[in-house]
*Asks:* 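Handing you a structure now.
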Amino acid sequence: MNELQTLFEQVTKEASDTEKGLLTDFLLGLQHKRQGTAPTYLNATFQMDTRYEDNHCIVTLPVTPLIYNSFDMPHGGVIATLVDNAMGFLVNKDLHAEGKGAVTTNMTIHYIKASSEKQLIATSTYLHKGRQTLVMECTVTQPDGKKIAYATGSFFVITPTSNSLK
């Protein structure tokens with residue numbers, strides 16, 4: 001614990017306001033995960049919010065310096081992660097009652113334009129529901145409705161071990 005406290009003091013002593021904000025967001029994210037208000041550490045760290053409407057999963061992601069690429073825009077890999085979360089959460093929510101889950105087997109994403117707002121919204125839905133494979137689609141937009149990315153993904157149904165359901 002002393003090593004962690006020393007590192008924390010060293011980092012915060014000379015941290016910029018942006019770095020202090022990122023550290024605060026990260027610690028709050030860990031707190032949300034521990035309190036059970038975030039489903040994964042990834043969602044907690046990126047401050048993703050997940051909700052379900054009809055047969056859709058909607059995941060919002062605030063655009064913060066944590067997700068920037070070297071051009072101060074949301075990193076394409078983070079957008080892909082957002083998309084994978086939106087599709088995967090919908091699939092796994094629906095399969096959970098059967099004691100099953102699904103893993104991504106393939107994902108194709110098309111980036112349409114750079115984000116210019118402070119939030120991204122990924123909305124996923126089914127294209128095909130099979131017994132062993134599922135095909136999903138997801139659109140990423142800004143709050144103003146402008147499309148940022150479009151993706152499709154395939155998922156393979158599995159029976160998770162009891163440890164992987166935690």
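In this chain, numbering begins with 1 at the start of the sequence shown.
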*Asks:* Find out if a path of hydrophobic residues (ILVMFWY) with successive side-chain heavy-atom gaps under 4.5 Å connects V63 to I58.
*Replies:*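 Hydrophobic grouping puts V63 apart from I58.
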*Asks:* What pair of heavy atoms forms the shortest contact from M87 to C138, and how long is it?
*Replies:*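 Nearest heavy atoms, M87 then C138: CG-CB, 3.8 Å.
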*Asks:* Kindly work out whether a path of hydrophobic side-chain contacts (I/L/V/M/F/W/Y, heavy atoms less than 4.5 Å apart) joins F89 to V103.
*Replies:*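 No; tracing contacts between hydrophobic side chains, which count when under 4.5 Å, never links both residues.
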*Asks:* So, do E98 and V157 sit near enough that their side-chain heavy atoms are less than 4.5 Å apart?
*Replies:*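 E98 does not reach V157 side chain to side chain.
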*Asks:* To the nearest 0.5 Å, what is the distance between OG1 (T40) and NZ (K33)?
*Replies:*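 Going from the OG1 atom of T40 to the NZ atom of K33 covers 7.0 Å.
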*Asks:* Looking at E117, is its backbone amide N or carbonyl O close enough to the side chain of Q142 to form a donor-acceptor pair, meaning the two atoms are under 3.5 Å apart?
*Replies:*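 Yes; judged by distance alone, with no hydrogens or angles, the pair exists.
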*Asks:* What is the minimum heavy-atom distance between N92 and A102, and which atoms define it?
*Replies:*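 Nearest pair, atom of N92 first, then A102: OD1-N, 2.7 Å.
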*Asks:* Determine whether M73 and S115 make a side-chain contact, defined as any pair of heavy atoms from C-beta on separated by less than 4.5 Å.
*Replies:*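 No - every pair of side-chain heavy atoms lies 4.5 Å or more apart.
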*Asks:* Is any side-chain heavy atom of M136 closer than 4.5 Å to one of Y126?
*Replies:*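 Side chain of Y126 against side chain of M136, heavy atoms only: contact under 4.5 Å found.
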*Asks:* What's the shortest heavy-atom distance between I148 and A114, and which atoms?
*Replies:*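 Scanning both residues completely, I find the closest heavy atoms to be CD1-O, 3.9 Å.
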*Asks:* Which distance, rounded to the nearest 0.5 Å, do you find between the OG1 of T139 and the NE2 of H56?
*Replies:*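 Interatomic distance, T139 OG1 to H56 NE2, rounded to 0.5 Å: 9.0 Å.
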*Asks:* Answer yes or no: is there a donor N or O on one side and an acceptor on the other, between the side chain of T105 and the main chain of S154, under 3.5 Å?
*Replies:*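 Here the side-chain-to-backbone pair exists.
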*Asks:* Which pairs count as side chain to side chain donor-acceptor pair (under 3.5 Å) when at least one residue sits in residues 76-88, sequence neighbours excluded?
*Replies:*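 Those involving residues 76-88 are D84-T104.
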*Asks:* Treat each ILVMFWY residue as a node, draw an edge where side-chain heavy atoms are under 4.5 Å apart, and state whether V83 and F156 are in one component.
*Replies:*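 No, it is not one cluster - the side chains of V83 and F156 are not joined through contacts under 4.5 Å.
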*Asks:* Going hydrophobic residue to hydrophobic residue with side-chain gaps under 4.5 angstrom, can you get from L27 over to L42?
*Replies:*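 No, it is not one cluster - the side chains of L27 and L42 are not joined through contacts under 4.5 Å.
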*Asks:* Work out which heavy atom in T50 is nearest to a heavy atom in C57; give both atom names and the distance.
*Replies:*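 Nearest pair, atom of T50 first, then C57: CG2-SG, 3.7 Å.
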*Asks:* Does atom CD of E3 have more than 12 heavy-atom neighbours from other groups under 6.0 Å away?
*Replies:*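 Check fails, neighbour count at 12 or below.
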*Asks:* To the nearest 0.5 Å, tell me how far H75 NE2 sits from S70 OG.
*Replies:*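 Spacing of NE2 (H75) from OG (S70) equals 8.0 Å.
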*Asks:* For the hydrophobic clusters of this structure (ILVMFWY residues joined by side-chain heavy atoms under 4.5 Å, transitively), does one cluster hold both I121 and I67?
*Replies:*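 Each belongs to a different hydrophobic cluster.
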*Asks:* Go through T141 and T123 one step at a time and tell me if the side chain to side chain contact (heavy atoms under 4.5 Å, CB included) criterion holds.
*Replies:* CA-CA 8 Å; T141 59; T123 304; 5.5 Å; no
*Asks:* Start with the C-alpha distance between T125 and E137, add both sets of side-chain angles, then the distance that settles side chain to side chain contact (heavy atoms under 4.5 Å, CB included), and finish with yes or no.
*Replies:* CA-CA 6 Å; T125 192; E137 68 178 342; 3.5 Å; yes
*Asks:* Check side chain to side chain donor-acceptor pair (under 3.5 Å) between Y41 and all other residues, then give those that pass, not counting sequence neighbours.
*Replies:*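 Applying side chain to side chain donor-acceptor pair (under 3.5 Å) to Y41 gives none.
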*Asks:* Given the rule in the side chain to side chain contact (heavy atoms under 4.5 Å, CB included) test, do V59 and F46 qualify, once you have shown the distances and angles that lead to the verdict?
*Replies:* CA-CA 11 Å; V59 181; F46 286 143; over 6 Å; no
*Asks:* State whether the number of non-hydrogen atoms from other residues, nucleotides or ligands found under 6.0 Å of D144 atom CG is greater than 12.
*Replies:*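 Yes - once you tally the heavy atoms of other residues, nucleotides and ligands closer than 6.0 Å, there are more than 12.
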*Asks:* Calculate, to the nearest 0.5 Å, the distance between atoms CG and CD1 belonging to L61 and I79 respectively.
*Replies:*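 Reported to 0.5 Å precision, the distance equals 8.5 Å.
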*Asks:* Give the intermediate values and the outcome of side chain to side chain contact (heavy atoms under 4.5 Å, CB included) for residues K20 and L23.
*Replies:* CA-CA 5 Å; K20 288 176 187 173; L23 187 55; 5.7 Å; no
*Asks:* Quick one: pull up CD1 in I158 and CG in L95 and give me the separation to the nearest 0.5 Å.
*Replies:*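 It is 9.5 Å, given to the nearest 0.5 Å.
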*Asks:* Got a second to check how far T64's OG1 is from F26's CZ, nearest 0.5 Å?
*Replies:*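 Spacing of OG1 (T64) from CZ (F26) equals 12.5 Å.
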*Asks:* Quick one, L22 and P65 - any side-chain contact, counting heavy atoms below 4.5 Å?
*Replies:*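 The answer is yes, as the side chains (C-beta and beyond) meet within the 4.5 Å cut-off.
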*Asks:* Among all residues two or more places apart in sequence or in another chain, which pass the side chain to side chain donor-acceptor pair (under 3.5 Å) test with T37?
*Replies:*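 Scan of T37 (side chain to side chain donor-acceptor pair (under 3.5 Å), adjacent residues dropped) gives H32.
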*Asks:* Is the closest side-chain heavy-atom distance between P39 and N43 below 4.5 Å?
*Replies:*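 Yes. Closest side-chain heavy atoms under 4.5 Å.
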*Asks:* Taking all atoms of both residues into account, what is the closest heavy-atom pair of A80 and Y111, and its distance?
*Replies:*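 Answer, listing the atom of A80 first, then Y111: CB-OH, 3.8 Å.
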*Asks:* Is the OH atom of Y150 crowded by more than 12 outside heavy atoms at less than 6.0 Å?
*Replies:*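 Correct, the count exceeds 12.
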*Asks:* So for atom NZ, which belongs to K113, do other residues, nucleotides or ligands contribute more than 12 heavy atoms lying within a distance under 6.0 Å?
*Replies:*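 Enclosed.
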*Asks:* Can you name the closest pair of heavy atoms from A44 and G29 and give their distance?
*Replies:*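 Closest approach of A44 to G29, heavy atoms only: CB-O, 3.0 Å.
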*Asks:* Hey, is NZ on K147 packed in by over 12 heavy atoms from elsewhere, all under 6.0 Å?
*Replies:*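 Atom NZ in K147 is not packed in, count stays at 12 or less.
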*Asks:* In the structure I gave you, are the side-chain heavy atoms of L66 and T45 within less than 4.5 Å of one another anywhere?
*Replies:*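 Heavy-atom side-chain distance check passes, below 4.5 Å.
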*Asks:* For atom CD of Q132, is the number of surrounding heavy atoms from other residues, nucleotides or ligands below 6.0 Å larger than 12?
*Replies:*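 More than 12 heavy atoms, drawn from other residues, nucleotides or ligands, come within 6.0 Å of this atom.
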*Asks:* Going by the side-chain contact (heavy atoms from CB on, under 4.5 Å) test, name the single residue among L120, I109, T60 that passes it with L82.
*Replies:*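 Exactly one candidate clears the test, L120.
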